[in-house]
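Numbers here are sequence positions counted from 1. None of these values were measured; they are calculated from a predicted model.
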Amino acid sequence: MEQNGHGSMGDQSQAIVSNLDRLRSRIARASIDSGRSGDSVRLVCVSKGQEVSALRAALVAGERIFGENRVQEAARKWPDLKTEFAPVELHLIGPLQTNKVREAVALFDVIETLDRPRLAEALAREFDAAGRRPKLYVEVNTGREPQKAGVLPEDADNFIKFCRQDCSLEIEGLMCIPPADQQASPHFALLAQIASRNGIDCLSMGMSADYELGIQLGATHVRVGSAIFGARLHA
Ligand SMILES: *Cc1c(COP(=O)(O)O)cnc(C)c1O
């Protein structure tokens, strides 16, 4: 029954709820099929380019882990929702410029895109100043794509060591975005190898098109946007 001008539950909200239902069971199935427990993988709902009404629908449906790729956009959409639906875990999944480090550290709970020494140094300084320490994942450019962020695979071990030893940062995870035009599996396997030899537990890999493959190859976090929310306003 119509309760207000938007209906009791909009079409978009209903679509989000049923997309989430389907996604959760496929994630659980993929986890079990690869010999892990059904709840071993965290779903990061990628809400970039989505309006607050869509975020709210996913929150009401019980989701608490979200990913945004722009600091400014997240700062506009999230502070009030974070309070209202606490605890929410907000992941930064887009490039971080050093001049936005203060704002990012204040807002995000996980920064998945640590990829250069200057940024590591800036984060370490800000962690001390702010007394807040978001978890850090190192982004690896597994496809060696010049336009893409991330450390090159052959530089990853040294960079992780630099973060740990020179900046006293804990590295909790690794993240990659495979080239759009290639099989993702070798990239996911490479990321898992780098994590394993560096004693890193979290692996953020797999998006709408390939999250099940990510889970097969050891993902602890999958970042899914369009399969939950549909089309978005920007990339
Ligand atoms: C947009 C984005 C996603 C989600 O992509 P979908 O294909 O919509 O699931 C995941 N990770 C990163 C880093 C992104 O920028």
Side-chain angles (χ1 to χ4, degrees), residues 14-48 50 54-55 57-69 85 87-94 108-114 134-140 142-143 150 153 156 160 170-180 182-230:
Q14 274 174 19
I16 290 170
V17 169
S18 62
N19 288 343
L20 279 171
D21 278 346
R22 193 170 46 241
L23 197 58
R24 287 168 184 150
S25 56
R26 288 180 63 168
I27 289 172
R29 166 112 38 91
S31 307
I32 290 163
D33 284 351
S34 40
R36 305 156 69 190
S37 76
D39 60 0
S40 58
V41 177
R42 301 272 82 81
L43 171 60
V44 180
C45 302
V46 175
S47 51
K48 66 181 184 190
Q50 303 295 341
L55 280 47
L59 285 158
V60 168
E63 295 302 323
R64 287 296 179 276
I65 310 178
F66 289 81
E68 290 281 350
N69 68 337
F85 290 93
V88 170
E89 184 179 296
L90 197 57
H91 290 227
L92 178 64
I93 59 171
F108 288 94
D109 305 289
V110 181
I111 293 172
E112 296 201 15
T113 49
L114 173 53
K135 292 182 174 163
L136 297 175
Y137 296 3
V138 167
E139 179 177 356
V140 182
T142 57
I160 292 162
E170 278 182 44
I171 303 301
E172 311 254 350
L174 299 182
M175 185 271 253
C176 75
I177 311 168
Q182 288 179 27
Q183 272 288 335
S185 36
H187 298 276
F188 293 162
L190 174 59
L191 198 70
Q193 266 173 27
I194 297 170
S196 160
R197 69 173 180 247
N198 285 283
I200 290 174
D201 293 330
C202 295
L203 278 175
S204 173
M205 54 191 203
M207 318 201 298
S208 291
D210 53 20
Y211 63 90
E212 286 162 312
L213 192 58
I215 293 169
Q216 280 168 28
L217 291 164
T220 59
H221 293 71
V222 292
R223 308 179 309 270
V224 180
S226 43
I228 300 172
F229 297 110

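- D33 places none of its side-chain heavy atoms less than 4.5 Å from the side chain of I215.
- Nearest approach of R36 to A219, heavy atoms of both residues: NH2-O, 2.7 Å.
- To the nearest 0.5 Å, atoms CG (L92) and CG (D109) are separated by 11.0 Å.
- D201 is linked by a salt bridge (charged side-chain N to carboxylate O under 4.0 Å, His left out) to nothing, counting only residues two or more places apart in sequence or in another chain.
- Residues L59 and F66 share a closest heavy-atom pair of CD2-CE1, 3.5 Å.
- When atom types are taken as modelled, the side chain of N69 and the backbone of I93 share no donor-acceptor pair closer than 3.5 angstrom.
- Side-chain contact between I16 and I228 is present, with at least one heavy-atom pair separated by less than 4.5 Å.
- A distance-only check finds no donor-acceptor pair linking the side chain of R42 to the backbone of S204 [under 3.5 Å].
- V222 places none of its side-chain heavy atoms less than 4.5 Å from the side chain of M207.
- The heavy-atom pair separating R22 from N19 by the smallest distance is NH2-OD1, 2.7 Å.
- Only one option out of I111, V110, I171 pairs with K135 in a side-chain contact (heavy atoms from CB on, under 4.5 Å); it is V110.
- Side-chain contact between E139 and I177 is present, with heavy atoms from C-beta onward closer than 4.5 Å.
- For the pair L203 and L217, the minimum side-chain heavy-atom distance is 4.5 Å or more.
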Which atom pairs, donor and acceptor, lie under 3.5 Å between side-chain atoms of residues 182-194 and protein residues at least two apart or in another chain?
from: Q182; atom 1: OE1; to: H187; atom 2: NE2; distance (Å): 2.8
from: H187; atom 1: ND1; to: T142; atom 2: OG1; distance (Å): 3.0

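- Between E112 and R223, the closest side-chain pair of non-hydrogen atoms falls below 4.5 Å.
- The line from CD of E172 to CG of L114 is 12.0 Å long, rounded to the nearest 0.5 Å.
- Scanning all heavy atoms of the two residues, the minimum distance from C176 to V140 falls at CB-O, 3.5 Å.
- Minimum interatomic distance between E68 and S47 (heavy atoms only, all atoms of both residues): OE2-OG, 2.7 Å.
- Using a 4.5 Å heavy-atom threshold, the side chains of Y211 and L43 count as separate.
- Pairing each heavy atom of P179 with each of G143, the nearest pair is CG-CA, 3.8 Å.
- The neighbour count for R197 CZ, taken as heavy atoms of other residues, nucleotides or ligands under 6.0 Å away, is above 12.
- Note that the CD1 atom of I160 and the CG atom of L174 stand 5.0 Å from one another [nearest 0.5 Å].
- Partners of Y137 by ring pair (Phe, Tyr, Trp, His ring centres under 6.0 Å), not counting sequence neighbours, listed by chain and number: H221.
- To the nearest 0.5 Å, the span separating CD1 on I27 from OG on S40 amounts to 10.0 Å.
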